[in-house]
Amino acid sequence: MKSLHQFLTLATVAAALTALTGCNPPGKTEAASSGKSASAGSPAARTWVGPGDKDEYYLFYSGGHSGQVFVAGLPSMRHITTIPVFARYPGTGYGFDEESKAMLGDYTWGDVHHPGLSKTNGLYDGRWLFVNDNANNRIARIDLRDFKTKQILGPIPNSMGNHGSSFVTDNTEYVLVATRFSVPLPKGRYADPADYEKEFNGAVSGIRIEPKSGTMSVGWQILTPPFDWDLGSTGKGPSSGWAFWTSYNTEMAHDQLEANSTQKDRDFAAIVNWRAAEAAVKDGRAALLDGVPMLDPAKVPGVLYYLPVPKSPHGIDTDPSGRWIVASGKLQPVASVFDFTKIEAAIEKKDFEGEFRGVPVIRHDAVIEGEVPVGLGPLHTQYDGKGNAYTSLYIESAVAKWKMPPWTAEERADLNKVILDKISVHYNIGHLVIGGSDTTQPYGRYLVAMNKMSKGRHISVGPSQPEDSQLIDITGSKMEMIYETFTEPEPHFAQILKADAIKPIEVYPKAENTDADAVWEAKDTGVTRNGNVVEVKMIAIRSHFIPDRIDANENDEVVIHVTNVEQTPDMIHGLGIVEQNVNLVIDPGETKTVRLKMKKAGVFPFYCTNFCSALHQEMQGYLAVKPVNVAAK
Ligand code: RUQ
Ligand code: CUA
């Protein structure tokens, strides 16, 4: 795939590196001479995607409280685009036209944590990317056909702080969601936080996905005690039909959680049989709470079990086989490996160590396979599909690579022996991602460490510092750091998708434009008045708008529908109206609408915001607004 030119460039880069490091013999990189394996050439060679060449993978980063999703390429780590989801984004005009404005509602931000790709038969199918909003209890669907946000569901009833999502089931039946904070339910009810244990509740939810359209709706919810639900994952193989979430704060503290929620040595994970929950709702065993079906697990046995896991856990990750479930306690330096086949057997035999509010607590020792001493501050675990697990160590600023069960008797006797490798990251890693780790067939080639601190590993940009992400090659027996990049705050989790798994469209085909207000020819454009409403049907094409003059009166409502009639990729036009806060960006073949109230008279120029041709600058016009007293004459 690489061109001759590129190889020449690589040789030059390698030579330059050698020159810089001085003592390396030709062809040997610094990494190689320092005894680390350099599995396929120098790090520079392995991340180098030359001008005109393309990356092999997409990296979909969550954008944290930016409310967006960042798209980068792997292995180059180059930022390619930003998909706005929960926040306005002038760059693509998102949140300025009527449709996206309506989707955003009154919220101006979101907090994106965990993107989840849609799946068919347990593998990514390249249809949709779901992302959650921890702040305003929403979940969004991005269509990978055009990389646009198509639906925002929420605020989800009975959910407060949608952190524990977006976890997608094997055939995208559901995106699973758990509430982080507990509140008096239904939302809007007041209770004194001092009565937390009695009055507050949490919930886990199944967001149903319509198989053809991807339309999301709340399928079912399960009421829980006021624990703080944290992270989750969905089952597969033997655990298909199940889902798992960790919680912190089984102490049910309502204040000073730093101390009060870290008392117990174990917190509960939720083991949820979502197929049973779905069936129970069908059988009419749910009660409506705030308009959605809520199951009480004490009255509907079999939908929920608790599993004690050590201490203040964070990540809980099902392995590609679906048999092993790894939970990490932030405050214990181990990753606990649970055997789902034993969990099933324990449920079958009622091997419980008690119950909590009518929900059985599975006996920990009956289902634990081992506690792997991974290191300090374990958070999340990913899998390479070759029997290895990789756990992020926040406190240690490292990634531990370790061997999954089955273990030999010798390994079992001393689980230090299953730790295969450790690599430092910079600094305080949160999530990490391996492509396809949550599917049955991980790609297992690269690992991206998403670090919470960058601590000046970049030229200074002042106090507001970016986050640091590092690319690690995991093809060899030793992990190898090969690249580092920076993003705006704050990637939590990410998903990696093979680039050839999708074929996005680059123009909206004219035949598919169903907008009733779309116009394609000059003769169909125009300005019509209906009482106080002035409606404009407009065309944008290199390098003019038709019409390029709009007349209105003060206090009129002006409704503009613009169709970009181009069918050429990258021929994007914009419509900016000066001092009117109008910023439409219209992709080829797309129609967008904006409504504006003409609050004051004057003549307001409008222009194309996207440099589309040599005469782009000439692509302009006037919105002429007469004052009321003149208009009346
Ligand atoms: S969290 S650093 Cu919001 Cu996914 Cu673990
Ligand atoms: Cu159209 Cu610039």
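Ligands are counted one by one from 1 in listed order, and the atoms in each one are counted from 1 as well. Just the heavy atoms: all of them, side chains too, but no hydrogens, waters or symmetry mates, feed the values below.
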Requested in this report: From the options His492, Lys452, His431, select the one whose nearest heavy atom is closest to atom 4 (Cu) of ligand 1.
Outcome: His431
**Report entry** For atom 1 (Cu) of ligand 2, the closest N/O/S atom belonging to His573
**Finding:**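 His573's closest N, O or S atom to atom 1 (Cu) of ligand 2 is named ND1.
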Requested in this report: Give a yes or no on this: more than 12 heavy atoms of other residues, nucleotides or ligands lie within 6.0 Å of atom OH of Tyr607.
Outcome: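 Count not over threshold, so no.
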Query raised in the report: Given atoms SG of Cys612 and SD of Met619, what angle do they subtend at atom 1 (Cu) of ligand 2, to the nearest 10 degrees?
Result: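 About 110°, to the nearest ten degrees.
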Report task. For atom 3 (Cu) of ligand 1, find the closest N/O/S atom on His113 and give its atom name. Result -> ND1
Query - Close-contact set for ligand 1 against His314 heavy atoms, below 4.0 Å - result: 1 (S), 2 (S), 5 (Cu)
Query - Atoms of ligand 1, numbered as shown, that sit under 4.0 Å from any heavy atom of Gly430 - result: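 What qualifies from ligand 1 is 2 (S).
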Query raised in the report: Does the shortest distance from atom 3 (Cu) of ligand 1 to an N/O/S atom of His114 fall below 2.8 Å?
Result: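 Under 2.8 Å: His114 has no N, O or S contact with atom 3 (Cu) of ligand 1.
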Query raised in the report: Near atom 1 (Cu) of ligand 2, is there an N/O/S atom from Cys608 that is less than 2.8 Å away?
Result: yes
Between [X] and [Y]: side-chain donor-acceptor atoms closer than 3.5 Å:
X: Asp317; Y: Thr381; result: no
X: Trp520; Y: Thr563; result: no
X: Ser159; Y: Asn162; result: no
X: Asn451; Y: Gln470; result: yes

Query - atom 5 (Cu) of ligand 1 - closest N/O/S atom in His380 - result: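 This turns out to be NE2.
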Query raised in the report: Between His573 and His616, is the gap from one ring center to the other below 6.0 Å?
Result: no
Query raised in the report: Going through the checks in order, is the salt bridge (Lys or Arg N to Asp or Glu O under 4.0 Å) test met by Lys236 and Asp438?
Result: CA-CA 9 Å; Lys236 56 176 90 76; Asp438 61 332; over 6 Å; no
